[in-house]
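To start, the structure itself, in structure tokens.
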Amino acid sequence: MDVSVVVPILDERDNLERLHAEITAAMQSVVTAGSYEILYVDDGSQDGSRAILSALHASDPRVRVVCLRRNFGQTAAMSAGFDRARGKVIVTLDGDLQNDPADIPALLARLEEGYDLVTGWRRDRKDAFFQRRLPSLIANWIIRRITRVKVHDYGCMLKAYRSDIAKSLRLYGEMHRFIPAIAGDMGAVIAEIEVNHRPRTYGRSKYGLGRTLRVILDLLTVKFLSAFSTRPIQVFGLLGLLVGAAGAGLLGWLAFERLAFGVQLGGRPIVLLGILLAVTGVQLLTLGLLGEMLARTYHESQDKPVYTVARVLDQKPDLRANSKDGPRRVVAGL
């Protein structure tokens with residue numbers, strides 16, 4: 001299997017047949033019929049989408065359908081698709097017809113230039129400005145600044161991945177929108193191309209301003225995991241040293257005033273502030289040490305490496321042939 005197209009679906013009954021026809025047309029223009037699959041992940045639809053997906057599966061042998069027991073969210077649906085995809089390349093897109101399947105060949109062509117992930121950029125986005133586009137522009141700017149991965153449109157679902165990159169992603173919460181940042185932290189080479197974006201014709205949007213706070217919290221999680229998951233002491237320890245030093249310095253000055261000038265300390269709020277800073281500093285240092293212990297437990301209990309490997313060039317004996325001088329050795333690329 002060369003390409004797997006993964007499409008999360010939630011209440012998109014009126015879009016499915018047209019979506020399937022457009023994906024099929026796009027895929028047949030670049031790969032042979034037997035070398036791709038279309039994997040629909042139904043994320044607990046309640047509008048009859050599941051029946052239409054079943055009909056598509058019955059009529060097209062390239063269609064596979066994964067039906068989740070309830071609505072787990074787009075991130076979970078994508079993870080389910082990645083886990084079950086069989087292609088060497090995985091393409092994702094939304095099921096609302098706003099992503100144009102005709103852009104898939106361009107994504108695949110760019111991926112063949114040596115990239116690990118190619119993501120779409122909806123430069124001319126067909127959404128309401130204040131409800132969708134403005135929050136997206138602000139969020140993308142914040143994510144770029146914090147993660148240092150220069151992608152214009154983190155929220156675009158139209159992406160092409162090499163399978164090893166997609167399957168190694170561990171996604172939780174709303175983290176599907178941070179995939180370029182997570183992949184970049186793994187060492188993936190990322191490219192971005194402009195893609196077509198169409199207005200929604202049927203159904204209603206599942207996104208709104210209510211997701212903003214969740215996105216901010218997930219962004220903090222992504223940043224912490226990418227930069228400090230194996231060294232939490234450098235976050236909490238540094239804060240603890242700064243806060244503790246401020247508290248110790250303040251208490252030292254108050255003690256000097258009391259001993260040298262006889263200044264009364266009782267009833268002065270600054271004394272409580274100094275004690276609070278000193279105690280907080282000790283707590284932060286302790287939290288950093290506990291974080292170090294948890295990080296080691298997390299990695300060692302799961303045999304989880306702290307690195308990713310792109311390729312290994314190694315030497316191994318060629319067991320197929322032996323000469324009087326012993327086994328021959330050949331260089332093998334793995």
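Worth saying up front: this structure is predicted, and the values here are computed from it rather than measured. All values below come from the heavy atoms of this structure, side chains included, with hydrogens, waters and symmetry mates left out. FYI, the numbering just counts along the sequence from 1.
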Side chains of Y161 and I179, heavy atoms from C-beta outward: is any pair under 4.5 Å?
yes
How long is the span from the CG atom in L276 to the CD atom in Q283, to the nearest 0.5 Å?
8.5 Å
Indicate the atoms forming the closest heavy-atom contact of P105 with P101, along with that distance.
CD-O, 3.9 Å
Apply side-chain contact (heavy atoms from CB on, under 4.5 Å) to D11 and Q46, showing your working.
CA-CA 6 Å; D11 296 336; Q46 300 294 324; 4.2 Å; yes
Whether the Y40 and H57 side chains hold a donor-acceptor pair (N or O, under 3.5 Å, no angle test) is what I'd like checked.
no
Can you get from I138 to F178 by hopping between Ile, Leu, Val, Met, Phe, Trp and Tyr side chains that sit under 4.5 Å apart?
yes
Just do the side-chain contact (heavy atoms from CB on, under 4.5 Å) check on Q234 and L238 with the steps written out, would you?
CA-CA 6 Å; Q234 294 190 15; L238 178 60; over 6 Å; no
L277 and G247 have their tightest heavy-atom pair at CB-CA, 3.5 Å
4.5 Å side-chain heavy-atom contact, Q28 and Y36
yes
Output the distance between atom CG (L158) and atom CG (L107), rounded to the nearest 0.5 Å.
4.5 Å
How many angstroms lie between CG in D116 and CD1 in I165, if you round to the nearest 0.5 Å?
4.5 Å
Test D60 against T24 for side-chain contact (heavy atoms from CB on, under 4.5 Å), laying out the working first.
CA-CA 10 Å; D60 189 340; T24 301; 4.2 Å; yes
Where R122 and G155 come nearest, the two heavy atoms and their spacing
NH2-C, 3.4 Å
Working note: N71 + D43, criterion side chain to side chain donor-acceptor pair (under 3.5 Å); need CA distance, chi angles, decisive distance, verdict.
CA-CA 5 Å; N71 176 227; D43 189 24; 2.6 Å; yes
A side-chain contact here means heavy atoms from C-beta on lying under 4.5 Å apart; do Q98 and M157 qualify?
no
For R148, does the CZ atom have more than 12 heavy-atom neighbours from other residues, nucleotides or ligands under 6.0 Å away?
no
Under 4.0 Å between a Lys/Arg side-chain N and an Asp/Glu carboxylate O for R198 and E22?
yes
Does any donor atom in the side chain of Q74 or D94 lie under 3.5 Å from an acceptor atom in the other side chain?
yes
Looking at E292 and I233, would you say the former's side chain and the latter's main chain have a donor-acceptor pair under 3.5 Å?
yes
Taking D164 first and then R162, would you say they form a salt bridge - that is, a charged N and a carboxylate O separated by under 4.0 Å?
no
Test your reading of the model: is there a side-chain donor-acceptor pair from K223 to the backbone of T147, 3.5 Å cut-off?
no
Within a reach of under 6.0 Å around CD of E17, are more than 12 heavy atoms found that belong to other residues, nucleotides or ligands?
no
Answer whether the closest heavy-atom distance between the side chains of H20 and I38 falls below 4.5 Å.
yes
Where is the tightest heavy-atom contact between E37 and S4, given as atom of each residue plus distance?
OE2-OG, 2.5 Å
Are V243 and V279 linked, directly or through intermediate hydrophobic residues, by side-chain heavy-atom contacts shorter than 4.5 Å (ILVMFWY only)?
yes
Looking only at atom types and distance, does a side-chain atom of S49 sit under 3.5 Å from a main-chain N or O of R13, one as donor and one as acceptor?
yes
Note, P180 side chain near K159 side chain (heavy atom, < 4.5 Å)
yes
Would R170 pass as a cation-pi partner of Y172, given that its NZ or CZ must be under 6.0 Å from the six-membered ring centre and within 45 degrees of the axis?
no
Would you check if there is a donor-acceptor pair between the side chains of S136 and R125 at a distance under 3.5 Å?
yes
Which atom names give the shortest non-hydrogen contact between M175 and T75, and what distance separates them?
N-OG1, 3.4 Å
Find out whether I9 and V41 are in side-chain contact, i.e. whether some heavy atom of one side chain is under 4.5 Å from a heavy atom of the other.
no
Do the side chains of M27 and I104 get nearer than 4.5 Å, heavy atoms only?
yes
D96 versus N15, side-chain donor and acceptor atoms under 3.5 Å
no
Indicate the atoms forming the closest heavy-atom contact of A85 with L39, along with that distance.
N-CD2, 4.0 Å
What side-chain donor-acceptor pairs closer than 3.5 Å can you find for residues 188-195, not counting sequence neighbours?
unit_1: E192; atom_1: OE1; unit_2: H152; atom_2: N; d: 3.2
unit_1: E192; atom_1: OE1; unit_2: H152; atom_2: ND1; d: 2.8
unit_1: E192; atom_1: OE2; unit_2: H152; atom_2: N; d: 2.9
unit_1: E192; atom_1: OE2; unit_2: D153; atom_2: N; d: 3.3
unit_1: E194; atom_1: OE2; unit_2: R123; atom_2: NH1; d: 2.8

Side chain to side chain, L251 and I275, heavy atoms closer than 4.5 Å
yes
Out of curiosity, does L273 fall in the hydrophobic cluster containing V271 (side-chain heavy atoms, cut-off under 4.5 Å, transitive links)?
yes
S45 side chain to D42 main-chain N or O, any donor-acceptor pair under 3.5 Å?
no
Single-linkage hydrophobic cluster L265~L250, side-chain heavy atoms < 4.5 angstrom:
yes
Given a cutoff of under 4.5 Å between side-chain heavy atoms of I, L, V, M, F, W and Y, with clusters grown through shared members, what are the other residues clustered with L285?
L241
Ring pair (Phe, Tyr, Trp, His ring centres under 6.0 Å) partners of F256, counting only residues at least two apart:
W253, F261
Quick check for you: to the nearest 0.5 Å, what is the distance between S79 atom OG and F72 atom CZ?
12.0 Å
Run the salt-bridge test on D124 and K126 with the 4.0 Å N-O cut-off and return the result as yes or no.
yes
Worked check of side-chain contact (heavy atoms from CB on, under 4.5 Å) between V89 and D2
CA-CA 6 Å; V89 171; D2 291 329; over 6 Å; no
So CE of M186 and CG of L169: to nearest 0.5 Å the spacing works out to 5.5 Å
The test is salt bridge (Lys or Arg N to Asp or Glu O under 4.0 Å); show your working for E12 and R18 and say whether it passes.
CA-CA 11 Å; E12 299 290 357; R18 178 183 166 190; over 6 Å; no
Could you tell me whether the side chains of H197 and D100 share a donor-acceptor contact shorter than 3.5 Å?
no
Taken to the nearest 0.5 Å, the spacing of L254 CG from L259 CG works out to 11.0 Å
Output yes when a side-chain donor or acceptor of R50 lies under 3.5 Å from a complementary backbone atom of D47, and no otherwise.
no
L108-W121 co-clustered via ILVMFWY side chain contacts under 4.5 Å:
no
